[in-house]
Engineer: 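This is the structure I have questions about; it appears just below.
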Amino acid sequence: MASTQDTAQTPFKFRPPDNKGVTEINDESKKLFCASFQVPALRVPAAATNAFLKAGGEYLLNLPRCRSAVEDTAHHQSGDVAKGQHRIVLLRKDFPSDPSLIPTRLRDLISQHAAALVEHTLTLDYSYWTPEDILRSILPAGLQPPGSFETAGHIAHLNLRDEYLPYKSLIGKVILDKNKQLRTVVNKLDSIDTEFRFFKLEILAGDDDTVAEVRESNSRFLLDIRRVYWNSRLQFEHERLVRLFHHGCVVCDVFAGVGPFAVPAAVNASWGPAAPGVETNPSAPPPSRLVLANDLNPVAHEYLARNVALNGVEGQVVPYNLDGREFVRRSLGELGSERVQNGIKEAVKRSKRRAREREQALAARKRKRDTDDDSDAKGRREKSGTSQVSSDADTETVDIARYRWPHHYVMNLPATAVEFLDSFDGIYRPYISLLAPDVRSRVEDPEHYDPPESAEGMPFPMPMIHVHCFSRSEDPEVDAIQLVEKHLRCQLPPGSVTAHRVRDVAPRKEMICVSFVLPVSVAFRHNKDEKKT
Ligand SMILES: C[S@@+](CC[C@H](N)C(=O)[O-])C[C@H]1O[C@@H](n2cnc3c(N)ncnc32)[C@H](O)[C@@H]1O
């Protein structure tokens, strides 16, 4: 066991001894991290301990995960006092030896209880030290322990710079050892899968198991971090958008990954505002949302489907495995398809059934309470009320029309999503016959193309597009909006567009989400294929 003497003038830092030669963490090498420190202490009557702790103030030894008052082992080992009569109150190493510098309240207590100033041996071992303490002791001087790491379920993922690579297994082992909720530590290698955006990984320590279970926004996700994209830092952005969607709306998630926008949007039907212009019954549960969720990565698609089932939102979230461009172009047709319409109809019925069952269970519990309160009449009244709930719900019809048109498109593929904006060109043209004659005549004449810019008078809403992108500009919001306008090939009216800073991804590189209402001129634009025919 090493003994560490304090000679420094600066505030004393409790650290394990240097163990630069250690190459493995095992039961033997862990013993090397045990260290003893001599600290000043007051030997006080056990009954007065709390008074000393209160009066000690800033002079108490305030070590994280360490009590400031400990058993008086030294004395009762030597047999000179009965066990438990005294306690040791630990003091900071710079506790003044000059009594005049001791705060009056503490000085008075010392003399009142004849407390003795003693030396206490404080022993701290491997189990006490933080991962940073252990790594600082092992890594070469000048190499600071790597900073914080991210986790996904039982997995910690690090992004080690080159200088740490010779020590990567040790670093992994210490992190694993010190975080009981972890089973696997991985290092992200520099190469990212350019198409599906997941990182190549190497296992540093623990189980070779990269399938994590993660919880976010009241939802559970299974995902293999070796084969699909996942970023816990996007949790706030996922939640921000889901809270923006109104009750009972339709969302198309173009780059859905394993579903962190799509699944919570369906799970949290009550989040967000009520549907604009729709009368709602405040005592009824809000209508379900419908989400078409797409990802080109077949593995992400597979996990998305599993997560839909895991969260019980089948029919409310419909998974697709298409290229984003094709998904956007097919989305309106898909919403009108029997598969989607029947799926949401069943899902709405299912969620109404669940709400009804919950209500009945509550009523049954209340009835039982009332019966227990010896009121037979009350019980009978409640009983007839319950059967009313059931028959009402059974005859309810599903308002399927609300799920016919999309209200939101989410496009979270910041590196290239803006390049997919041209897929909105003319997606509403197949529905032009639904427009009022005057509006239609303005949008269908390719020679005198003059569409209205607002959705007013349209038989369907124009959806909001939420597209993520990166900006390195001094003014990232303005830059991101200009980028979107360039790819849309039209100017967005100021009131119809916002830019939200999501996060810094690197020095001077911001992730931005631009949200705008799809301009009618884009929605009914003659697309390239149409022009050719
Ligand atoms: C940045 S991730 C975002 C995933 C998810 N929305 C999230 O927030 O975690 C982008 C996703 O787009 C998918 N992707 C990449 N290219 C695509 C394409 N051409 N069409 C559809 N999906 C694509 C990737 O597989 C990846 O899952």
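Note that ligands are numbered from 1 as they come in the structure, with each ligand's atoms numbered from 1 the same way.
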Engineer: Pair Phe198, Val299 - check side chain to side chain contact (heavy atoms under 4.5 Å, CB included), show working.
Structural biologist: CA-CA 11 Å; Phe198 55 81; Val299 184; over 6 Å; no
Engineer: For Phe424 and Tyr409, I'd like to know if the aromatic rings sit close, meaning centre-to-centre distance below 6.0 Å.
Structural biologist: yes
Engineer: Kindly state each residue pair satisfying salt bridge (charged side-chain N to carboxylate O under 4.0 Å, His left out) with at least one member in residues 292-306, sequence neighbours excluded.
Structural biologist: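 For residues 292-306, and leaving out neighbouring residues, there are no salt bridge (charged side-chain N to carboxylate O under 4.0 Å, His left out) pairs at all.
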Engineer: Which pairs, with at least one residue in residues 457-473 and sequence neighbours excluded, count as a salt bridge (charged side-chain N to carboxylate O under 4.0 Å, His left out)?
Structural biologist: none
Engineer: Using heavy-atom distances, let me know which of Leu413, Leu322, Leu296 sits nearest atom 22 (N) of ligand 1.
Structural biologist: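 Nearest option to atom 22 (N) of ligand 1, by heavy atoms: Leu296.
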Engineer: Could you label the plane-to-plane angle of the His246 and His408 rings as parallel, tilted or perpendicular, counting under 30° as parallel and over 60° as perpendicular?
Structural biologist: tilted
Engineer: What part of Phe196, side chain from CB on, backbone N/CA/C/O, both or neither, has a heavy atom under 4.0 Å from ligand 1?
Structural biologist: both
Engineer: Below a 4.0 angstrom heavy-atom separation, can you tell me which part of Glu237, side chain or backbone, both or neither, approaches ligand 1?
Structural biologist: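 The answer is neither.
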Engineer: For ligand 1, does Phe327 get within less than 4.0 Å through its side chain, its backbone, both, or neither, judged by non-hydrogen atoms?
Structural biologist: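 No part of Phe327 comes within reach of ligand 1.
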Engineer: Before accepting this row, confirm whether a basic side-chain N of the pair Asp133/Lys178 lies closer than 4.0 Å to the acidic partner's carboxylate O.
Structural biologist: no
Engineer: With heavy atoms only and a cut-off of under 4.0 Å, state how Trp230 meets ligand 1: side chain, backbone, both or neither.
Structural biologist: neither
Engineer: Which of the atoms of ligand 1 are close to Phe420, meaning less than 4.0 Å from one of its heavy atoms?
Structural biologist: 19 (N)
Engineer: Provide the number and element of each atom of ligand 1 under 4.0 Å from a heavy atom of Asp323.
Structural biologist: 18 (C), 19 (N), 20 (N)
Engineer: At less than 4.0 angstrom from any non-hydrogen atom of Phe261, what atoms of ligand 1 do you find?
Structural biologist: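 Near Phe261, the atoms of ligand 1 are 6 (N), 8 (O).
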Engineer: At under 4.0 Å between heavy atoms, which part of Ala300 makes contact with ligand 1: side chain, backbone, both or neither?
Structural biologist: neither
Engineer: So, taking the atom named CD1 in Ile171 and the one named NZ in Lys173, what distance separates them when rounded to the nearest 0.5 Å?
Structural biologist: 14.0 Å
Engineer: Can you report which non-hydrogen protein atom sits closest to atom 11 (C) of ligand 1, along with the distance?
Structural biologist: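 Here the closest protein heavy atom is Asp295 OD2, 3.5 Å.
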